[in-house]
Structures are given as structure tokens and as C-alpha cells.
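Encoded as C-alpha cells, the structure appears first; notes follow it.
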Amino acid sequence: MSRENVEVVRRVMTEFTGSQRLTGEVAPDLIWDLSSWDAWTGQPEYHGHDGFYEFFAEWTDAYEEWTQEPQSFIDAGADKVVVATIQRGRLRGSDSWAELRAGFLYSVDDGLITHGSVFASPEEALEAAGLR
């Protein structure tokens, strides 16, 4: 099942990167968890698709352009998948770009992403998954 879970996460992230919309492979009761990321000053958790979109609007508000490039998808065993990304954003009213390496730990249940945790680095996500 783990390989299938990696493919679910890959499809969802690929679609989201292109459209900035969640697919049907994201559970309606998704929990988007930022409690492990000290730099985040917003809510520690967002619930459901609407909650995720609220988070995403807050996250990208400072940018005129924003992109995300998944770098790796790692089977973390059982229902867990770790993703390393590079995110880039061009600040509003500026030619300056900001860049962030981030890590995500996803839980997949019956083909749906049910939980996503955000980390300041891929290494922290791997550690949370018990892989470091």
C-alpha cells in the first residue's frame, strides 16, 4: 500500500502545483497541521478543504507569484509519505524572490490524504516520520 500512497501524494501535489486546487484524493476532513513549525504565526491547525485554502491564502498573501517544486517523495512506511519541496515567491511590488526548502509529512488512508504536517525542512519531516 505504501507505493500507492506515494502516488496519491504525488498526484495531489502535481495537480495543486498547477491549479492551486485540492483534488478528490484529499479527505473532506483534512487536518493541515503547522504546530511543529515555529516560524508560522497563524493558527496551528486548519480543518477541511476550506481551512486549507484559508491557510494557503495567508501563506501566499505576500507574493505576486508563487511556485512549488516537489523534489522528492519518500515512502515512510504504513500510511506516511514525506515530501521535500522548494517554494519560491516574488514579493509584492518587488523584483525580489524568496526561496524556502520545506518538508511535509502526509498520512493517507484508503486513498485519501487525511493529514498533512508542515516542517521547516525536509530533514525535520523525515525525523517526524521516524526516518532519521
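The first residue in the sequence is number 1, and the count goes up from there.
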Quiz item: Between His49 and Tyr53, what is the ring plane arrangement, given parallel below 30°, perpendicular above 60°, and tilted in between?
Solution: perpendicular
Quiz item: Under a 4.5 Å cut-off applied to non-hydrogen side-chain atoms, are Val8 and Ile113 in contact?
Solution: yes
Quiz prompt | Where Ser117 and His115 come nearest, the two heavy atoms and their spacing | solution = OG-CE1, 3.0 Å
Quiz item: If every non-hydrogen atom of Gly24 is compared with every non-hydrogen atom of Leu112, which pair is closest and at what distance?
Solution: O-CD2, 3.2 Å
Quiz item: Do Arg101 and Glu123 meet the salt-bridge criterion of a basic N to acidic O distance under 4.0 Å?
Solution: yes
Practice problem: Kindly indicate whether the side chain of Glu15, heavy atoms from C-beta on, has any atom under 4.5 Å from the side chain of Glu25. | Solution: no
Quiz item: Checking side-chain contact (heavy atoms from CB on, under 4.5 Å) for the pair Val82/Tyr106: CA distance, chi angles, key distance, verdict?
Solution: CA-CA 6 Å; Val82 173; Tyr106 290 99; over 6 Å; no
Quiz prompt | Gap between atom CD of Glu124 and atom CG of Asp38 - 0.5 Å precision | solution = 8.0 Å
Quiz item: Judged by atom type as modelled, is there a donor-acceptor pair below 3.5 Å linking the side chain of Arg90 to the main-chain atoms of Ser94?
Solution: yes
Quiz item: For the residue pair Thr85 and Pro70, what are the closest heavy atoms and their distance?
Solution: CG2-CA, 4.0 Å
Practice problem: Using the side-chain contact (heavy atoms from CB on, under 4.5 Å) rule, take Leu131 and Glu127 through it: C-alpha gap first, then chi angles, then the decisive distance, then the call. | Solution: CA-CA 5 Å; Leu131 298 179; Glu127 185 174 326; over 6 Å; no
Quiz item: Parallel, tilted or perpendicular for Trp59 and Trp40, by the 30°/60° rule?
Solution: tilted
Quiz item: CZ/Arg92 to CG/Asp61 distance, rounded to the nearest 0.5 angstrom?
Solution: 5.5 Å
Exercise. Could you tell me the separation between the CZ atom of Phe119 and the CH2 atom of Trp37, rounded to the nearest 0.5 Å?
Key: 11.5 Å
Quiz item: Do Leu34 and Pro44 come close enough that some side-chain heavy atom pair is under 4.5 Å?
Solution: no
Practice problem: Kindly assign one of parallel, tilted or perpendicular to the pair Trp66 and Phe56, based on the angle between their ring planes and the thresholds 30° and 60°. | Solution: perpendicular
Exercise. Could you tell me whether Arg88 and Glu69 make a salt bridge, using a distance below 4.0 angstrom between a side-chain N and a carboxylate O?
Key: yes
Self-check item: Residue among Val12, Val9, Ile74 satisfying side-chain contact (heavy atoms from CB on, under 4.5 Å) with Val83
Solution: Val9
Practice problem: To the nearest 0.5 angstrom, please state how far the CZ atom of Phe55 sits from the CD atom of Glu45. | Solution: 13.0 Å
Quiz item: In Å, rounded to the nearest 0.5 Å, how long is the span from CG of Asp79 to OG of Ser107?
Solution: 4.5 Å
Quiz prompt | Arg10 vs Val6 side-chain heavy atoms within contact, under 4.5 Å | solution = yes
Quiz item: Taking all atoms of both residues into account, what is the closest heavy-atom pair of Arg3 and Asp75, and its distance?
Solution: N-OD2, 4.4 Å
Practice problem: Locate the shortest heavy-atom distance separating Trp97 from Asp95; write the atom from each residue and the value. | Solution: CD1-O, 3.4 Å
Quiz prompt | Evaluation steps, side-chain contact (heavy atoms from CB on, under 4.5 Å), between Met13 and Phe73 | solution = CA-CA 10 Å; Met13 290 198 73; Phe73 295 84; 4.0 Å; yes
Exercise. Establish, from distance only, whether the side-chain atoms of Gln87 and Tyr63 form a donor-acceptor pair under 3.5 Å.
Key: no
Exercise. Measure the shortest side-chain to side-chain distance between Leu30 and His47 over non-hydrogen atoms and say whether it is less than 4.5 angstrom.
Key: no
Quiz item: If we only count heavy atoms from C-beta on, is the Ile31 to Tyr46 side-chain gap below 4.5 Å?
Solution: no
Quiz item: Less than 4.5 Å apart, any side-chain heavy atom of Thr23 and any of Phe16?
Solution: no
Exercise. Start with the C-alpha gap between Lys80 and Leu105, add the side-chain angles, then the distance that decides, and say whether side-chain contact (heavy atoms from CB on, under 4.5 Å) holds.
Key: CA-CA 7 Å; Lys80 307 290 187 217; Leu105 176 58; 3.9 Å; yes
Quiz item: What heavy-atom pair brings Ser2 and Ala78 nearest, and what distance separates the two atoms?
Solution: OG-O, 3.4 Å
